[in-house]
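The structure displayed is predicted, hence computed values, not measured ones.
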Amino acid sequence: VQLQASGGGLVQAGGSLRLSCAASGRIFSINYMGWYRQAPGNQRELVATITNDNKLNYADAVKGRFTISRDSAKNTVYLQMTNLKPEDTAVYYCKAGGIWAYWGQGTQVTVSS
């Protein structure tokens, strides 16, 4: 499975960004996809996940501000981020999981105060 993430950038606090992650390859092996993030000096942490049957899971820090969704026809997962805060600054990674876990390249999200 290959994951191609895009959509990061620089935004002011209160702004919005949308991340995309397109999966290709042996996608039949995927049970869920999601987003994780890693800020400098911190461990990688869960942001949000969505299963094949659309069960959602969010980190408490992003509930009410971020929305994860999927387009099954395009094998793509999106992360709509609103009301961004400086503490959301991190490298965001797309992940696909099933029997194996796959990671995409990170995309930088920087939120200025």
Side-chain angles (χ1 to χ4, degrees):
V1 175
Q2 294 78 45
L3 302 174
Q4 183 67 45
S6 61
L10 172 64
V11 65
Q12 289 187 331
S16 300
L17 282 173
R18 189 176 81 152
L19 306 182
S20 300
C21 177
S24 61
R26 299 169 68 88
I27 57 175
F28 60 85
S29 68
I30 297 172
N31 292 332
Y32 71 92
M33 291 182 67
W35 292 93
Y36 291 69
R37 66 186 182 187
Q38 187 167 18
N42 290 357
Q43 291 186 334
R44 193 171 297 187
E45 62 180 11
L46 166 76
V47 177
T49 58
I50 183 167
T51 65
N52 285 354
D53 56 355
N54 293 320
K55 292 180 181 176
L56 309 179
N57 184 39
Y58 292 97
D60 288 342
V62 307
K63 284 181 180 176
R65 299 188 298 121
F66 291 10
T67 302
I68 190 169
S69 62
R70 59 198 295 259
D71 184 333
S72 299
K74 296 181 179 179
N75 300 316
T76 299
V77 169
Y78 304 96
L79 185 69
Q80 180 68 48
M81 305 184 292
T82 62
N83 191 21
L84 282 159
K85 303 176 181 180
E87 52 263 42
D88 294 318
T89 295
V91 178
Y92 284 68
Y93 296 91
C94 177
K95 179 183 179 184
I99 296 176
W100 305 101
Y102 306 90
W103 291 93
Q105 87 285 6
T107 184
Q108 177 71 45
V109 171
T110 302
V111 184
S112 63
S113 57

Original post:
Taking NZ, NE, NH1 and NH2 as the nitrogens, is one of them in Asp88 or Lys85 under 4.0 Å from a carboxylate oxygen of the other?
Top reply: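 Salt bridge: no.
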**OP:** Please state whether the rings of Tyr92 and Phe66 are parallel, tilted or perpendicular, taking 30° and 60° as the class boundaries.
**Re:**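 Rings of Tyr92 and Phe66: tilted, as their planes differ by 30° to 60°.
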Original post:
Which of these, Asp53, Asn54, Asn52, sits in a side chain to side chain contact (heavy atoms under 4.5 Å, CB included) with Ile50?
Top reply: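 That would be Asn54.
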Shortest non-hydrogen contact from [X] to [Y]?
| X | Y | answer |
| --- | --- | --- |
| Ala39 | Ala90 | N-CB, 3.8 Å |
| Gln108 | Val91 | OE1-CG2, 3.2 Å |
| Ala61 | Arg65 | O-NH2, 2.9 Å |
| Ile30 | Ala23 | CD1-CB, 4.2 Å |
| Thr89 | Val111 | OG1-N, 2.9 Å |
| Lys95 | Ala101 | CE-CB, 3.8 Å |

State, with a plain yes or no, whether a side-chain heavy atom of [X] is found less than 4.5 Å away from one of [Y].
| X | Y | value |
| --- | --- | --- |
| Leu3 | Cys21 | yes |
| Val1 | Ser29 | yes |
| Met81 | Trp35 | no |
| Leu19 | Val109 | yes |
| Arg37 | Val62 | yes |

Tell me whether [X] shares a hydrophobic cluster with [Y], the cluster being built from Ile, Leu, Val, Met, Phe, Trp, Tyr side chains joined at under 4.5 Å.
| X | Y | value |
| --- | --- | --- |
| Tyr102 | Ile99 | yes |
| Leu56 | Val47 | yes |
| Trp100 | Tyr93 | no |

How long is the gap from [atom1] on [X] to [atom2] on [Y], to the nearest 0.5 Å?
| X | Y | atom1 | atom2 | value |
| --- | --- | --- | --- | --- |
| Gln4 | Asn75 | CD | CG | 14.0 Å |
| Met33 | Ile27 | CE | CD1 | 9.0 Å |
| Ser20 | Gln80 | OG | CD | 9.5 Å |
| Leu10 | Leu84 | CG | CG | 11.0 Å |
| Leu17 | Leu79 | CG | CG | 9.5 Å |
| Thr49 | Asn57 | OG1 | CG | 4.5 Å |

Original post:
Okay, side chain of Tyr58, backbone of Gly64: is any donor-acceptor separation there less than 3.5 Å?
Top reply: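 No: the side chain of Tyr58 does not pair with the backbone of Gly64.
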Original post:
Between Thr107 and Gly8, is there a donor-acceptor pair closer than 3.5 Å when you use the side chain of the first and the backbone of the second?
Top reply: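 Answer holds: yes.
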Original post:
Taking the six-membered ring of Trp103 as reference, does the NZ or CZ atom of Arg44 fall below 6.0 Å from its centre and within a 45° cone about the axis?
Top reply: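 Satisfied, under 6.0 Å and within 45°.
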Original post:
Do Arg18's NZ or CZ and the ring of Tyr78 fall within the cation-pi criteria of under 6.0 Å and 45°?
Top reply: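 Checked: cation-pi criterion met.
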